[in-house]
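Step one of this worksheet: look at the structure below.
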Amino acid sequence: MKHHVSSFSFETHGKPLLLAFILALGLWYNVTGKEKVEVWVDVKVVYTNIPTDLTVVKGLEDKISVLVRTAKGLRTSLQGREHFIRMDLSNITRGAVEVPISKDQMPYFTGVYEVIDINPKKLQLTVEAVTEKTVPLNPVYGQLPPDIYVQNLTLKPSSVVLRGTARELRKFESFSFNMKVGDYGKLGPRTLECELIAPDSIQLSVNKVDVEFELAQRRKNITLNKEIAADVPLPFAARLSDGSATITVSVPASKAQDPEFLKSLGVMISLDAARLRAGTFTAQVRPVLPKDVELIKLDPTQINVVIVDTRSNKP
């Protein structure tokens with residue numbers, strides 16, 4: 001049995017396929033190439049050459065909208081791309097200024113792209129003169145705990161030059177910045193580097209300031225007469241030659257008249273419980289003070305103590 005093997009012939013098969021492709025391409029061009037569509041495109045505005053002695057306080061647009069006519073098949077080429085326009089403001093003057101926007105400023109919308117409309121067609125700017133003002137720096141550290149305060153404060157620099165419109169600079173007699181004091185329990189000298197943050201309409205000559213200061217506490221000296229405590233284990237008891245002691249201490253000023261706080265201050269005698277026995281001894285008087293109290297003077301510092309065995313009631 002013989003098998004017939006067909007062969008490809010360009011004359012027979014290729015020409016019809018090529019003709020079909022050309023016809024399809026022509027049809028596509030007629031449909032998509034000749035049919036026009038109009039598309040609104042966002043165009044970013046970049047401003048250049050603003051005079052250093054002027055500032056625009058109103059009217060600067062971040063972007064404009066441009067209506068572009070092009071072939072339907074090229075519509076997608078306008079989407080997903082960033083378009084921008086440069087606006088030269090070197091000729092602006094103080095006051096109300098109109099800056100027209102023309103098709104000539106968009107060279108990339110040419111050829112197969114036709115600019116039909118622009119929105120807005122011009123920028124309405126308000127321009128003011130820029131001036132400078134030197135003001136002192138003012139640290140702000142909020143509410144401090146009772147008795148804690150800042151002293152010996154030094155700022156480097158101590159002032160800052162503000163640059164902006166006269167209308168904006170009238171708001172400033174000083175320039176405040178946030179000073180984070182931190183650990184209030186750590187008294188003594190500190191150093192900080194603080195950031196200066198200004199509104200967008202103001203420029204600063206410096207953006208940081210070095211701060212040196214000392215964190216201190218208001219204190220008051222008080223003198224109290226306190227009963228001397230003697231913690232003696234049974235079966236012993238203690239008879240003291242002096243029943244009280246005079247103690248002078250330095251306390252936080254806000255606590256100098258606080259009855260509960262004053263009650264926490266005390267004095268007592270030190271006895272070695274392991275060696276305790278009946279007899280007469282000399283004992284050291286020591287203060288019993290909270291953490292934030294400093295001892296200045298204690299009188300007496302030692303007393304005679306008679307230890308009695310309560311079982312026999314004899315020293």
Side-chain angles (χ1 to χ4, degrees), residues 138-155 178-192 194 210-315:
N138 175 43
V140 177
Y141 39 80
Q143 175 117 17
L144 298 177
D147 303 319
I148 300 297
Y149 67 99
V150 170
Q151 65 179 9
N152 300 328
L153 181 68
T154 302
L155 305 179
N178 187 27
M179 182 178 117
K180 296 181 180 179
V181 174
D183 184 4
Y184 299 118
K186 183 181 178 183
L187 302 179
R190 303 268 191 95
T191 58
L192 294 175
C194 299
D210 293 323
V211 183
E212 296 180 2
F213 66 98
E214 185 177 345
L215 199 63
Q217 185 182 48
R218 296 181 184 87
R219 302 186 69 84
K220 185 175 181 180
N221 294 348
I222 59 173
T223 299
L224 302 171
N225 190 266
K226 304 294 288 187
E227 181 180 349
I228 301 175
D231 187 13
V232 180
L234 292 175
F236 298 103
R239 298 173 185 169
L240 311 182
S241 59
D242 289 289
S244 63
T246 301
I247 184 171
T248 302
V249 291
S250 172
V251 301
S254 63
K255 296 182 178 181
Q257 303 296 327
D258 184 347
E260 290 300 318
F261 176 77
L262 297 179
K263 192 183 296 184
S264 68
L265 309 179
V267 290
M268 66 180 299
I269 57 172
S270 299
L271 296 171
D272 187 348
R275 298 181 179 181
L276 195 62
R277 66 184 190 278
T280 301
F281 305 92
T282 298
Q284 297 296 320
V285 180
R286 63 181 181 87
V288 180
L289 305 175
K291 183 178 179 181
D292 54 355
V293 176
E294 299 173 6
L295 176 66
I296 296 176
K297 185 178 180 181
L298 176 63
D299 184 38
T301 57
Q302 61 181 26
I303 59 173
N304 293 325
V305 181
V306 178
I307 301 298
V308 178
D309 187 336
T310 56
R311 292 170 296 184
S312 61
N313 202 28
K314 292 181 181 181

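Note that the numbering runs from 1 along the sequence shown for the chain.
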Step-by-step side-chain contact (heavy atoms from CB on, under 4.5 Å) determination, Val305 to Ile307: CA-CA 6 Å; Val305 181; Ile307 301 298; 3.7 Å; yes
Step-by-step side-chain contact (heavy atoms from CB on, under 4.5 Å) determination, Val285 to Thr301: CA-CA 5 Å; Val285 180; Thr301 57; 5.5 Å; no
Trace of the side-chain contact (heavy atoms from CB on, under 4.5 Å) decision for Arg190 with Val150: CA-CA 10 Å; Arg190 303 268 191 95; Val150 170; over 6 Å; no
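Take Asp258 and apply the salt bridge (charged side-chain N to carboxylate O under 4.0 Å, His left out) test, not counting sequence neighbours, and it matches no residue.
Around the CD atom of Glu214, the shell of radius 6.0 Å holds more than 12 heavy atoms that belong to other residues, nucleotides or ligands.
Listed here is the closest heavy atom pair of Arg219 and Asp292: NH2-O, 2.7 Å. Looking at every heavy atom in both residues, Ile296 comes nearest to Ser250 through CD1-N, 3.9 Å. The shortest heavy-atom contact between Ser244 and Pro300 is O-CD, 4.0 Å. Heavy atoms only, all atoms of each residue included: Ala256 and Ile222 are closest at CB-CG2, 4.2 Å. Of all the heavy atoms in Leu153 and Phe213, the pair that sits closest is CD1-CB, 3.6 Å. Nearest heavy atoms, Arg218 versus Ile148: NH1-O, 3.8 Å.
Residues Val249 and Leu265 form a side-chain contact, since some pair of their non-hydrogen atoms from C-beta on lies under 4.5 Å apart. Taking 4.5 Å as the limit, some side-chain heavy atom of Pro287 sits within range of a side-chain heavy atom of Ile247. Annotation: side chain of Leu295 is not in contact with side chain of Val293 (no heavy-atom distance under 4.5 Å).
Taking OH from Tyr141 and CG from Asn178, the interatomic distance works out to 12.0 Å, rounded to the nearest 0.5 Å. A distance of 9.0 Å separates CD in Glu294 from CG in Asn221, rounded to the nearest 0.5 Å. One distance of note links CG of Asp183 with CG of Leu215; it measures 8.5 Å at 0.5 Å rounding.
Each of Val267, Thr246, Leu262, Leu298 was checked for a side chain to side chain contact (heavy atoms under 4.5 Å, CB included) with Lys226, and the lone residue meeting it is Val267.
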